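First up is the structure itself, then whatever we jot down about it.
Treat the numbers as computed from the prediction; the structure is a model and nothing was measured. Residue numbers start from 1 in every chain, and the chains themselves are labelled A, B, ... in the order their sequence lines are given, proteins ahead of strands.
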2 protein chains.
Amino acid sequence: MPDDRAPTRIQKRNRAAILEAALDVFSAQGFRGATVDQIANAAGLSKPNLLYYFPSKEAMHNALLSRLLDTWLDPLRDLDADGDPLEELLAYVHRKLQMSRDFPRESRLFANEIVQGAPRIHTALSTDLKHLVDDKAALIQHWIDLGQIARVHPYHLIFSIWSLTQHYADFDVQVRAVLGSEDPFEGAPEFIDAMYRRLLAP
Amino acid sequence: MPDDRAPTRIQKRNRAAILEAALDVFSAQGFRGATVDQIANAAGLSKPNLLYYFPSKEAMHNALLSRLLDTWLDPLRDLDADGDPLEELLAYVHRKLQMSRDFPRESRLFANEIVQGAPRIHTALSTDLKHLVDDKAALIQHWIDLGQIARVHPYHLIFSIWSLTQHYADFDVQVRAVLGSEDPFEGAPEFIDAMYRRLLAP
DNA sequence: CTTTGATTTGACCATCTGGTCAAACTCACG
DNA sequence: CGTGAGTTTGACCAGATGGTCAAATCAAAG
């Protein structure tokens, strides 16, 4: 097992290939549905070789989740108290939707984890995530108190943004099955934009 | 294996117990994550006994899914062309939210299936589901053309209702982690109601 | 080229898991 | 009761799967 000295060129390449393959497989099959062999094949490496770079299947999953939780919440972190409230919130919505379009596998990796009770990231949810949301909900409430946006429940507002945007990644097959050949992201930004403009107008 | 004659009292009781247990386990662990033994334990029966009533693990899953798909879409079917458009849509939203509250396991069973690419119900999605949605989207478009509700993309409107309402069941752990002790359904109906009233007002 | 540490893998193991089966048990009904 | 259909289960099997390991191969510094 590679120790914690500076990673070699080969270590960098292989670790990256493994995580890329693992993201593919975990997001499509869930943790239990994925097999180390599938990941090995997708990465173009042998199974024992994977376990040379990561001590276990769970370690690969953890590596993905922790790397992801951070970047996943970046758009919310960016919500700026000094910006125009409505435009800040709409920018958040659009960035979140863009992430669903650009990183659907990451979205589904989370969805799989959460739907099944978040056994592996429950702590992170009730600490890091909760703190961030508490913080931003207070900001939204502040905007409301100033009369800059309409009176809405800040937490439910955030939940609604998560659900509306991630739906296009997580339920992609369903959306596509219903829309037929039409591109799901055709019309989605406009729809969601309209939705929040009308909801939040003071 | 019990044949297709009229089911005995014992058959009825055990089949029901098995499906109830299977719903518990499948919705919490996904198809691959669930084991027949877990379901057997939850049902208070032995593993071979389960396989006496259902030919395979997959058969239990299928039984649940097909029984569910129907009832799951009932609220949408109820959308009535003769009712008041705004009230009809709001009633649909509220019924859907109520189902998330009352049948979260059913919601998660579907979520698990869809997130992983709907391998078992893909056909039903692009036939039954699509037909129903096409039908109701046409009705919504008709209401729009009459100027009775605002101009919105009918399909995205339906997707938004699905995602907003099911979020409270499918992402329950996340919602609870963020809200702490507060009841998630406290405030949700009001929020969603306000959202659609403002969106759909002509 | 040689040496040494990093990398790779074929063979293997223990466990889990879906499913089978014959034998045992229960129940309803004549 | 007795009997036959319906029900239950302990023991078992085959394949899948996470993980191990010793031996082989490779890379790079001297």
_Closest-nucleotide 5' rank along DNA chain C - winner of A:Asn49 and A:Arg32_ =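 Taking each residue's closest nucleotide, the earlier one in sequence belongs to A:Asn49.
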
*Want to settle it: does A:Pro48 or B:Lys47 sit nearer the 5' end of DNA chain C, counting the closest nucleotide to each?*
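Nearer the 5' end of the strand: A:Pro48.
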
_Ring centres under 6.0 Å, that's the criterion: do A:His153 and B:Phe191 meet it?_
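That pair fails the under 6.0 Å test.
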
_B:His156-A:Tyr168 aromatic ring centre distance below 6.0 Å_ =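 Distance test on ring centres: under 6.0 Å, yes.
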
Could you state the [atom1]-[atom2] distance from [X] to [N], rounded to the nearest angstrom?
X	N	atom1	atom2	result
B:Arg15	D:dG6	CZ	C1'	12 Å
B:Asn41	C:dT17	CG	C1'	14 Å
A:Asn14	C:dT7	CG	P	8 Å
B:Gln29	C:dG18	CD	P	11 Å
B:Leu51	D:dT8	CG	P	13 Å
A:Tyr52	C:dG5	OH	P	13 Å
B:Gln11	C:dC27	CD	P	15 Å
B:Lys57	D:dA16	NZ	P	14 Å

*asked:* Against A:Leu200, only a single residue in A:Leu157, A:Leu90, A:Ile144 fulfils side-chain contact (heavy atoms from CB on, under 4.5 Å); can you say which?
replied: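 Output: one option passes, namely A:Leu157.
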
Are any of [X]'s side-chain N or O atoms less than 4.0 Å away from OP1 or OP2 of [N]?
X	N	value
A:Thr35	D:dA16	no
A:Ser56	D:dG18	no
B:Arg9	C:dC27	no

*Could you label the plane-to-plane angle of the B:Trp162 and B:Phe159 rings as parallel, tilted or perpendicular, counting under 30° as parallel and over 60° as perpendicular?*
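Judged by the thresholds at 30° and 60°, the geometry between B:Trp162 and B:Phe159 is tilted.
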
_Touch class at under 4.0 angstrom, heavy-atom based, for A:Ala34 against every strand present_ =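 The answer is sugar-phosphate, as A:Ala34 gets under 4.0 Å only of primed atoms, P, OP1 or OP2.
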
_Side-chain donor or acceptor of A:Arg176 paired with backbone N/O of B:Ser126 under 3.5 Å_ =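 No: the side chain of A:Arg176 does not pair with the backbone of B:Ser126.
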
